[in-house]
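Naming convention: chains lettered A, B, ... in sequence-line order (proteins, then strands); numbering from 1 in each chain. This structure is a prediction, so every number in the text was calculated from the model and none was measured. Excluded from the calculations below are hydrogen atoms, water molecules and symmetry mates; all remaining heavy atoms, backbone and side chain alike, are included.
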Amino acid sequence: MQRIVIQQAPFDLNAEVAALAAGGAAGAVVNFTGHVRAEDGLASLTLEHYPGMTEAEIARMAAEAAARWPLTGITVIHRVGTLKPGDAIVLVAAAAAHRTPAFAACEFLMDYLKTHAPFWKQETRNGETRWAEARASDDAAASRWRKP
Amino acid sequence: MQRIVIQQAPFDLNAEVAALAAGGAAGAVVNFTGHVRAEDGLASLTLEHYPGMTEAEIARMAAEAAARWPLTGITVIHRVGTLKPGDAIVLVAAAAAHRTPAFAACEFLMDYLKTHAPFWKQETRNGETRWAEARASDDAAASRWRKP
Amino acid sequence: MTLLYFAWLRQVIGSGEEQITLPPGIGDVRGLITHLKGLDAKYAQAFADEGRIRTAVNQHHAALDAPVSDGDEIAFFPPVTGG
Amino acid sequence: MTLLYFAWLRQVIGSGEEQITLPPGIGDVRGLITHLKGLDAKYAQAFADEGRIRTAVNQHHAALDAPVSDGDEIAFFPPVTGG
């Protein structure tokens, strides 16, 4: 029920959602796709990750989501390598019988992925490349899921 | 920035998400797909709608969502006709620069679609067909978006 | 005016659409329903439990006290179940 | 033990991976960082601002006081920016 993939290639949303809906247990599939924004003259983005830990960390997040909500499936596909504005970077999908847990789990997974999964972005603008800085708003988003 | 379609045919998630992400303004696309559940021996579902009002009502919801959140695009595709377990019924997608408004708008649109868009489902089980009853939980979900 | 019926209401009434002339003295949805119930047993059956009926006037959801006038498109249907 | 460096840390140190033997007396991440900073100017530069560094021990996020021992896989990297 967890499908976690790190790849350079684009992903196929039709196939991923069909797999989560197959069998008729999932009435609701919530998908997040993150895309490269054409902000401030961005020409391209290059993603690096920590092979091994990336998959392990995402699997831990997915297990936590499955413990919190009655899900029928979770799919996370994160791309690495060089991407252009508009390209998809990541797919996070959560499936459940009803929509409320699917929405909550998808948002939880994204917030944790942004703050815990070991990926780093390099941004190229006007021929210059620099590492993207982490955003404080992402830490704030993740912190709201912490249990007291 | 609104795309609203009522159709019998399946929809193409790859094409819909690519259209919302084109141009590089949308960093986040949140998609909900609703699917026919294989519950209690359901053989098929037949959807009827109110042509004209359906599109108008969804357009009003989409305008409300666009007024509440800084969105770059909204797509709603609802299927009609006869569907089998696992088939997609509806796609609601909201795109924004960042993920928080995209998640909120997608959930808002789904809650309103469930309670306001004029669709009716007939369920066929063991050769018998009956009209699906509206769920009180859907009214409760929609009511949380009401402004004081 | 045009009357439209959807889902089981359409089946009970036996038609999805009809044209009527609004009788004088009827000014709102509630009055129109009362008028229809007096016409025929099938309308009386369809509208027996008004709590199960929703109405749209000119493609907008409308309450029982919403005004109606000749030329309007009035739709009657059960609570919606799409999505 | 295996040390891994990612993103700008890898670039400052000039290598993504190295094998070292943990010197006696070093028991946690903080001690290991102090040891590395003493080795060479490039480590001193990479670890100059510890607030900018995150650590994983055996592929789990770890704090500065997390225990380390020979045979561990220790990774150093900036705050993550995926998604």
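Every residue two or more places apart in sequence or in another chain that forms a side-chain contact (heavy atoms from CB on, under 4.5 Å) with B:A117 is listed here: B:I58, B:M61, B:L113, B:F119.
Applying the salt bridge (charged side-chain N to carboxylate O under 4.0 Å, His left out) test to pairs two or more places apart or on separate chains, none has a residue in residues 21-30 of chain C.
Contacts between residues 37-44 of chain C and chain B, defined by a heavy-atom separation under 4.5 Å, are made by no residue at all.
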Across chain B and chain C, going purely by atom type as modelled, what donor-acceptor pairs are there at a distance under 3.5 Å?
unit_1	atom_1	unit_2	atom_2	d
C:A7	N	B:E48	OE2	2.8
C:R10	NE	B:E48	OE2	3.2
C:R10	NH2	B:E48	OE1	2.3
C:R10	NH2	B:E48	OE2	3.3
C:Q11	OE1	B:W131	NE1	2.6
C:Q59	O	B:R60	NH2	2.6
C:Q59	OE1	B:M53	N	3.3
C:H60	NE2	B:R60	NH1	3.0
C:H61	NE2	B:H116	O	2.6
C:E73	OE2	B:Y50	OH	2.4
C:P78	O	B:W120	NE1	2.8
C:T81	N	B:F119	O	2.8
C:T81	O	B:K121	NZ	3.3
C:T81	OG1	B:K121	N	2.9
C:G83	N	B:H78	NE2	2.9
C:G83	O	B:K121	NZ	3.0

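C:V80 and B:P118 make their closest contact through CG1-CA, 3.6 Å (heavy atoms, listed as atom of the first residue, atom of the second, distance).
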